[in-house]
Novice: 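The structure's right below; bear with me while I get my questions together.
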Amino acid sequence: MDRELYGREAVFQDSGLAARLTGLAPEGFARTAYEHGDDPPVTVFTGGRGMGKTVLLKQLRNAYKGATPLALLDCAHIEPPADHGPGWNPLTGALAELAGQLAPRGFASAPVEFPRLSLGLVAVASTSWSREDEERARHDLQRLGPVLASVDAAKGAGATWVTKVLSKLAANFAEATAPMAGLLAEATVETVLEEVFGRSQRRSESWYGNYRNAGGRGKIGLQYLANDFEQGGRRRQEAESFLVGALVEDLYRAYTGLLRAGARRGRPVLLLDNAHVPLGRRLIEPILRDRAAGRRDRVVVFATSRVREHEGMRRATRLRLPETARLAPCPRGTDITSGILAVELTPLSPAHAQSAFDRHDPAGRTPADLARGVHRLAGGRPLGVTLLSRAAGEAPAELRSSLTPGALLDLTVELREDTPPVPVAPTLLEELLPGEPHGRLAVLAAAHDETSARLLAHTRLPGESPDGDMALEVRDRLRAEGWPTSPEHFVADPLLRALLLHRLRFEDGETYATWRAVHETLHQHYDQESGLPHRLHHELALGRTGQAVTHLRVTFPRPDVEDWLGRLRFIASAPYPRTRDRTGGGERTGSRDRSGSRDRTVPDPRRAVALGQLPPDRLPAGLDSEATELHLRLRRLLHAVWLLTDPLALPDEEVTEKLAHELRQLSGRHLTGNRPLWDAATHWPTDIRAWRELSLPPSREDGV
């Protein structure tokens with residue numbers, strides 16, 4: 001198994017899900033008992049972008065290629081051929097592509113013939129041909145050569161049959177003044193049967209006698225099929241479903257009959273990526289309907305869906321990936337979608353993240369906590385873990401010991417040996433939000449909710465959304481892509497938000513003008529009373545901490561200490577105004593060292609403040625000694641929380657101990673709220689060491 005496919009053992013182990021459905025173990029292809037007998041479910045792997053759906057299907061292809069007939073199709077990317085006729089649409093193109101991949105002989109599988117599908121495709125290809133456009137008819141027919149070659153490789157790949165079809169069509173055109181789909185389909189099919197099919201294969205035509213109103217007559221069924229396809233609407237849907245059935249029937253026939261009984265092992269496999277798009281449903285639903293009607297086939301379908309709650313899976317049996325390792329029950333109900341087993345791909349574990357780092361940094365020269373920090377930042381999303389671990393392994397040797405998750409975003413990574421390295425953050429962002437306008441999304445990523453997002457859209461992005469409310473447009477698009485929601489962040493996913501804020505911070509070089517403008521806009525939006533925590537949150541993002549410390553000091557004596565702790569946690573969740581970290585460690589202070597050079601790299605300044613090593617430039621006027629001592633203590637505490645909860649930084653044990661010390665000291669001086677502060681001194685360090693969000697109330701163990 002590919003070493004980069006971490007956390008997917010439930011699918012690929014010898015007795016895993018793939019083996020139990022295909023009847024073949026992925027390595028060595030030993031026979032395995034079928035879990036669902038002759039009624040396997042359609043398995044749909046669900047998960048958002050970056051969860052490894054496409055990688056999983058590609059690994060299934062690699063695991064079973066050559067051992068059984070297999071095809072992989074991306075339903076979202078079916079490229080139309082140039083100057084195609086009306087007989088081509090995404091579904092007919094997809095069926096031809098699938099047949100082309102399924103047909104060849106493998107090292108452990110015999111070739112598959114597709115006579116029924118060939119007849120159906122040539123019948124619908126003939127729709128709307130005209131006497132004046134013979135060249136297009138020739139191109140349409142030649143494109144079907146690979147499918148016909150599965151019936152007879154020599155005849156199907158040649159051009160003789162195409163010429164004879166065109167000659168026969170010319171004779172029909174002489175007798176008709178307008179294109180007639182049924183007539184042309186009959187002439188085309190007759191010629192194909194005579195010129196390409198052998199005597200035994202010609203009997204496959206009779207299968208179309210089952211088509212609506214055909215009365216057992218195959219040629220009539222093919223005529224009706226072509227007519228229905230030309231009509232469009234519901235009739236075309238019926239014709240398309242029958243064509244899908246033709247593909248499945250050909251695969252079934254390849255596994256049955258006197259000559260084939262026992263000659264094949266396992267089952268054929270269809271791999272359909274992005275099956276949530278309309279084409280995916282048009283391919284899968286005919287299979288589900290036939291199975292619900294009692295018809296059986298030998299096809300194993302593995303598909304992916306970015307949309308978990310898709311209408312096409314309304315009655316699916318839902319399991320999480322680890323639950324399918326030994327058994328994957330899928331009871332069939334009356335709804336056809338009950339024949340779907342929806343398997344939710346789960347995030348990678350911290351151990352999987354460490355395995356990825358061990359692969360790319362076998363000598364262990366990166367910080368011990370870096371893999372865990374990347375896991376926290378990526379939320380276990382395989383794409384993020386894999387790309388960032390690769391970036392760490394490719395970092396210059398002198399930088400690896402001081403890398404942080406934020407520093408990894410500033411690096412470049414070599415994805416392919418024949419292409420130059422690419423910047424990590426933009427590359428990862430494009431993978432997670434392909435084709436999206438990242439500039440405007442970066443602006444909205446600083447918002448907390450729809451209201452503040454709408455404010456930013458109106459003030460910072462005027463004219464960017466001619467179709468209406470940009471904030472709602474972006475919100476709906478993120479939801480449609482399966483991204484999570486949160487009451488505190490307009491862009492809730494930590495990795496996506498971090499990448500967009502990275503873009504916001506550095507898109508205009510080191511002037512940071514856009515960053516400042518966005519956070520100043522939000523700072524001014526919130527009022528001095530109810531919106532004060534938000535104002536202070538954005539002050540921290542602008543690098544100004546004095547007002548936040550003052551607010552914490554003034555409100556500290558209030559009786560509601562849990563609310564005070566919540567404000568502290570929220571204010572300190574502000575994104576840190578990083579400078580681009582060219583060395584991979586720490587932040588640049590911009591101050592001169594003794595030699596007079598600038599840009600000397602030092603540890604994160606928040607660490608020095610939290611440990612009391614960097615005093616403030618000035619203190620608020622009028623503070624007595626006790627208030628001054630409280631102010632400095634809260635300054636240290638704020639910077640400690642800011643650093644320790646930053647997903648782009650790494651926890652620091654010394655700072656964690658200092659945070660606990662400051663909270664215990666504050667507990668001793670509060671008149672009524674000493675218990676919540678004492679609990680925070682106990683539980684917040686535990687949360688930090690467990691890589692959890694700081695719990696509220698701090699006595700809770702679930703990190704919420």
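As the structure is a prediction and not an experimental result, all values here were calculated from the model.
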Novice: Are Arg567 and His551 close enough that a side-chain donor and a side-chain acceptor fall under 3.5 Å?
Specialist: yes

Novice: Under the 3.5 angstrom rule, does the side chain of Arg569 hit a backbone N or O of Leu694 as a donor-acceptor pair?
Specialist: yes

Novice: For Phe570 and His534, I'd like to know if the aromatic rings sit close, meaning centre-to-centre distance below 6.0 Å.
Specialist: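 Ring centres of His534 and Phe570 closer than 6.0 Å.
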
Novice: Can you see which heavy atom on Leu60 is nearest to which on Phe12, and at what distance?
Specialist: CD2-CE2, 3.6 Å

Novice: Can a donor-acceptor pair be found, under 3.5 Å and without considering hydrogens, that links the side chain of Arg320 to the backbone of Val343?
Specialist: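 No, the answer is negative, given that no donor and acceptor are paired below the 3.5 Å cut-off.
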
Novice: Validate the cation-pi geometry between Arg505 and Tyr512: distance from NZ or CZ to the six-membered ring centre under 6.0 Å, angle to the ring axis within 45°.
Specialist: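 Judged by the rule, Arg505 and Tyr512 form a cation-pi pair.
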
Novice: Test side chain to side chain contact (heavy atoms under 4.5 Å, CB included) on Lys58 and Leu56; report intermediate values, then the result.
Specialist: CA-CA 5 Å; Lys58 288 181 177 179; Leu56 179 57; over 6 Å; no

Novice: Between OG1 of Thr555 and CG of Leu568, what distance do you get to the nearest 0.5 Å?
Specialist: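 Thr555 atom OG1 to Leu568 atom CG measures 9.5 Å (nearest 0.5 Å).
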
Novice: Taking atom types as modelled and ignoring hydrogens, do the side chains of His502 and Asp410 form a donor-acceptor contact shorter than 3.5 angstrom?
Specialist: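 Result is yes, a qualifying pair exists.
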
Novice: Could you tell me whether the side chain of Arg578 and the main chain of Gly406 form a donor-acceptor pair under 3.5 Å?
Specialist: yes

Novice: Starting at CG of Leu91, measure out to CD of Glu240 and round the result to the nearest 0.5 Å.
Specialist: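 Rounded to the nearest 0.5 Å, the CG-CD separation comes to 4.5 Å.
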
Novice: Please evaluate residues Leu648 and Thr404 with respect to the criterion side chain to side chain contact (heavy atoms under 4.5 Å, CB included), reporting the C-alpha separation (whole Å), side-chain torsions for both, the decisive distance (0.1 Å), and the verdict.
Specialist: CA-CA 7 Å; Leu648 297 182; Thr404 62; over 6 Å; no

Novice: Any Lys/Arg nitrogen of Asp469 or Arg454 sitting under 4.0 Å from an Asp/Glu carboxylate oxygen of the other?
Specialist: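 Arg454 and Asp469: salt-bridged.
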
Novice: Do His448 and Glu488 have a side chain donor and acceptor closer than 3.5 Å?
Specialist: no

Novice: Under the 3.5 angstrom rule, does the side chain of Gln101 hit a backbone N or O of Leu72 as a donor-acceptor pair?
Specialist: yes

Novice: Can you find a pair of side-chain heavy atoms, one from Leu73 and one from Leu283, that are under 4.5 Å apart?
Specialist: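 Sidechains of Leu283 and Leu73: in contact.
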
Novice: If you look at every heavy atom in Ala541 and Trp515, which pair is closest and at what distance?
Specialist: O-NE1, 2.9 Å

Novice: Determine the sole option in Asp273, Leu17, Leu341, Thr54 for which the side chain to side chain contact (heavy atoms under 4.5 Å, CB included) test with Phe45 is passed.
Specialist: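 Testing each of Asp273, Leu17, Leu341, Thr54 against Phe45, the sole residue satisfying side chain to side chain contact (heavy atoms under 4.5 Å, CB included) is Leu17.
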
Novice: How far does CG of Leu650 sit from CG of Leu644, to the nearest 0.5 angstrom?
Specialist: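 Taking CG in Leu650 and CG in Leu644, the distance rounds to 11.0 Å.
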
Novice: Does a side-chain heavy-atom distance below 4.5 Å link Leu504 with Leu501?
Specialist: yes

Novice: Do Asp358 and Ser355 get their side chains close enough for a donor-acceptor pair, meaning under 3.5 Å?
Specialist: no

Novice: Sub-3.5 Å donor-acceptor pair from the side chain of Asp369 to the main-chain atoms of Arg372, do we have one?
Specialist: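 Here the side-chain-to-backbone pair does not exist.
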
Novice: What do the steps show when you test His360 against Glu394 for side-chain hydrogen bond (donor to acceptor under 3.5 Å, both in side chains), and what is the final call?
Specialist: CA-CA 8 Å; His360 295 289; Glu394 295 179 11; over 6 Å; no

Novice: Hey, does the side chain of Trp483 reach the backbone of Ala492 with a donor-acceptor pair shorter than 3.5 angstrom?
Specialist: no

Novice: May I ask you to test the Thr346-Pro322 pair for a side-chain heavy-atom distance under 4.5 Å?
Specialist: yes

Novice: List the steps, then state whether side chain to side chain contact (heavy atoms under 4.5 Å, CB included) holds for Glu693 with Asp687.
Specialist: CA-CA 6 Å; Glu693 183 180 356; Asp687 294 332; over 6 Å; no

Novice: Is a salt bridge present between Arg516 and Glu520, judged by a nitrogen-to-oxygen distance below 4.0 Å?
Specialist: no

Novice: Do Tyr526 and Ser452 touch side chain to side chain, with heavy atoms closer than 4.5 Å?
Specialist: yes

Novice: Salt-bridge test for Arg390 and Glu414: reply yes if a basic N is under 4.0 Å from a carboxylate O, no otherwise.
Specialist: no

Novice: Arg8 vs Leu345, test: side chain to side chain contact (heavy atoms under 4.5 Å, CB included). Steps then yes/no.
Specialist: CA-CA 8 Å; Arg8 303 304 183 238; Leu345 295 182; 4.1 Å; yes

Novice: Could you verify whether a donor N or O on one side chain and an acceptor N or O on the other, from His538 and His519, lie under 3.5 Å apart?
Specialist: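 Side-chain D/A pair, His538 to His519: present.
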
Novice: Could you tell me the separation between the CD1 atom of Ile284 and the OG1 atom of Thr337, rounded to the nearest 0.5 Å?
Specialist: 12.0 Å

Novice: Looking only at non-hydrogen atoms, find the nearest pair between Ala572 and Leu638 and report the distance.
Specialist: CB-CD1, 4.0 Å

Novice: Say you draw a straight line from CG of Leu399 to CG of Leu411; how long is it, rounded to the nearest 0.5 Å?
Specialist: 7.5 Å

Novice: Got Val42 and Phe302 here, is their nearest side-chain heavy-atom distance under 4.5 Å?
Specialist: no

Novice: For His683 and Thr686, does a side-chain donor sit closer than 3.5 Å to a side-chain acceptor?
Specialist: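 Not at all, the side chains of His683 and Thr686 share no donor-acceptor pair under 3.5 Å.
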
Novice: Side chains of Leu377 and Leu388: closer than 4.5 Å at any heavy-atom pair?
Specialist: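 In short, these two side chains touch, coming nearer than 4.5 Å.
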
Novice: Under a 4.0 Å threshold between the charged nitrogen and the carboxylate oxygen, would Glu344 count as salt-bridged to Arg318?
Specialist: no

Novice: Quick check: closest heavy atoms across Met313 and Ser305, and the distance to 0.1 Å?
Specialist: CE-OG, 3.9 Å

Novice: Any ion pair linking Glu436 and Arg477 (charged N to carboxylate O, less than 4.0 Å)?
Specialist: yes

Novice: Any donor-acceptor pair under 3.5 Å linking the side-chain atoms of Thr92 with those of Asn89?
Specialist: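 Checked: Asn89/Thr92 side chains pair up, N/O donor to acceptor below 3.5 Å.
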
Novice: Look at the side chain of Arg306 and the backbone N and O of Glu481, then say whether any donor-acceptor pair between them is shorter than 3.5 Å.
Specialist: no

Novice: Going by side chain to side chain contact (heavy atoms under 4.5 Å, CB included), Val422 matches just one of Leu428, Thr412, Val413. Which one?
Specialist: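 That would be Val413.
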
Novice: Taking all non-hydrogen atoms of both residues into account, name the closest pair between Leu321 and Thr324 and its distance.
Specialist: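 Closest approach of Leu321 to Thr324, heavy atoms only: O-OG1, 2.8 Å.
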
Novice: Side chain of Ser338, backbone of Gly333: donor and acceptor closer than 3.5 Å?
Specialist: yes

Novice: Answer yes or no: is there an ion pair linking Arg381 with Glu431, defined by an N-O contact shorter than 4.0 Å?
Specialist: no

Novice: Do the non-hydrogen side-chain atoms of Leu21 and Thr43 ever get within less than 4.5 Å of each other?
Specialist: yes

Novice: Any heavy-atom pair between the side chains of Glu562 and Asp560 that's under 4.5 Å?
Specialist: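 Yes, close enough: below the 4.5 Å cut-off.
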
Novice: Any donor and acceptor pair, going by atom type alone, linking the side chain of His352 with main-chain N or O of Ser349 inside 3.5 Å?
Specialist: yes

Novice: Do Arg289 and Ser241 meet the criterion of a side-chain donor-acceptor pair at a distance under 3.5 Å?
Specialist: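 Per modelled atom types, Arg289 and Ser241 side chains form a pair under 3.5 Å.
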
Novice: Please report the closest heavy-atom contact between Arg497 and Val491, naming both atoms and the distance.
Specialist: NH1-O, 2.9 Å

Novice: Just how far is it from atom CZ of Arg535 to atom CD1 of Ile571, taken to the nearest 0.5 Å?
Specialist: 12.0 Å

Novice: Do Asp493 side-chain atoms and Pro484 backbone N/O form a donor-acceptor pair below 3.5 Å?
Specialist: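 Not a single qualifying donor-acceptor pair exists.
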
